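Here's the structure, in structure tokens; my notes come after.
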Amino acid sequence: KLPPHALLQFHGYLERAMAEPGQVQDSIIKLIESLCVVCGVEVVPGAAQEEVLMSVRRLLRDPHNFASKLSRLGPTTSDDAKSLAPCLLSASQYRKVRDKDAHVCCEALFGWISAFYYLSDVADQVKATARALDINERRLRELEGAPCRRFSSSPVRPLVGLSSLASPATGASRTDTGRRSAGSSGSVSARSAGSPP
């Protein structure tokens, strides 16, 4: 949390330091520019210190509600979040300032910008994933509602090779049976003729 008196001290530090060129660290300038972007305060990156100071005054004109204003901000798009990258890169170059309250504000605001950047990046990915899931669910419902493919109901034809192999064997067995029957009948007739009356 940022107490209002710390923000007032931070504002006073910026007013004094920006009175002379080159007295404010570049990382703090990048921090101010990023806060102006997310809060909708007009600022030109790389502008003169006088113009940046004007943006600071608009940004911190209500120190009692500034922290709650930041907490109510929703995530931005990933493209807008990319504008915060210079601030994140310069945060590692930040050096502690003499004013204790100003230092506390810088540390807290750098941490908030970093968290806001990653939140916006994740939120954008969640939206993209949700859109992809909706598309896949619609496709799945379309597939479930599509008519099933019907296969041909024509009878299955027997294999020609097996049927042709079975027929000669059947015919041959019938011929052999007929020959055996004829031979048996002739033998019985001959025995009957040769027997005494």
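Keep in mind that the numbers below use all heavy atoms, side chains included, and drop hydrogens, waters and symmetry copies. Owing to the predicted nature of the structure, the values given are computational and were not obtained by experimental measurement.
In this structure, H103 and V97 approach most closely via the heavy-atom pair N-CG2, 3.6 Å. The two residues L2 and A67 come nearest to each other via the heavy atoms O-CB, 4.0 Å. Listed here is the closest heavy atom pair of Y13 and Q23: OH-O, 4.4 Å. Taking both residues in full, the closest heavy atoms of S55 and E42 are given as OG-O, 3.0 Å, listed atom of the first, atom of the second, then distance. Closest heavy-atom contact between E33 and V43: O-CG1, 3.9 Å. The heavy-atom pair separating D101 from A6 by the smallest distance is CB-CA, 4.0 Å.
Atom SG in C36 sits 8.0 Å away from atom CG in L60 (nearest 0.5 Å). Here the straight-line distance linking atom CD of Q49 with atom CD1 of I29 works out to 5.5 Å at 0.5 Å rounding. Distance CG/L133 to CZ/R138: 11.0 Å, rounded to 0.5 Å.
Neither side chain, H5 nor Q9, offers a donor N or O lying under 3.5 Å from an acceptor on the other.
Within 6.0 Å of the CZ atom in R61, the count of heavy atoms belonging to other residues, nucleotides or ligands does not exceed 12.
Side-chain heavy atoms closer than 4.5 Å link hydrophobic residues (I, L, V, M, F, W, Y) into clusters, and following such links, possibly through other members, connects L31 to L59. Residues V37 and L70 do not share a hydrophobic cluster, defined by chaining ILVMFWY side chains whose heavy atoms lie under 4.5 Å apart. Cluster membership for I113 and V122, using ILVMFWY side-chain heavy atoms within less than 4.5 angstrom, is not shared. Linking Ile, Leu, Val, Met, Phe, Trp and Tyr whenever their side-chain heavy atoms come within less than 4.5 Å leaves V24 and L8 in two separate clusters.
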Evaluate salt bridge (Lys or Arg N to Asp or Glu O under 4.0 Å) for D99 paired with R16, printing each intermediate quantity in order. CA-CA 11 Å; D99 192 309; R16 294 188 303 272; 3.6 Å; yes

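A salt bridge does not link E107 to K96: none of the charged nitrogens lies less than 4.0 Å from a carboxylate oxygen. Remark: D134 does not engage R139 in a salt bridge, criterion side-chain N to carboxylate O under 4.0 Å.
No donor-acceptor pair closer than 3.5 Å links the side chain of S27 to the backbone N or O of C87. Remark: side-chain polar atoms of Q25 are paired, donor with acceptor, to backbone N or O of R95 under 3.5 angstrom.
A heavy-atom distance below 4.5 Å is not found between the side chains of P4 and F66. A heavy-atom distance below 4.5 Å is not found between the side chains of S34 and Y117. In this structure, the side chains of L73 and W112 come closer than 4.5 Å at one or more pairs of heavy atoms. Between T76 and V38, the closest side-chain pair of non-hydrogen atoms is not below 4.5 Å. With a 4.5 Å cut-off on side-chain heavy atoms, I28 and L14 count as touching. Annotation: side chain of E50 is not in contact with side chain of M18 (no heavy-atom distance under 4.5 Å). Looking at S114 and L84, their side chains never come closer than 4.5 Å, going by heavy atoms from C-beta outward. No side-chain heavy atom of F110 sits under 4.5 Å from any side-chain heavy atom of L88.
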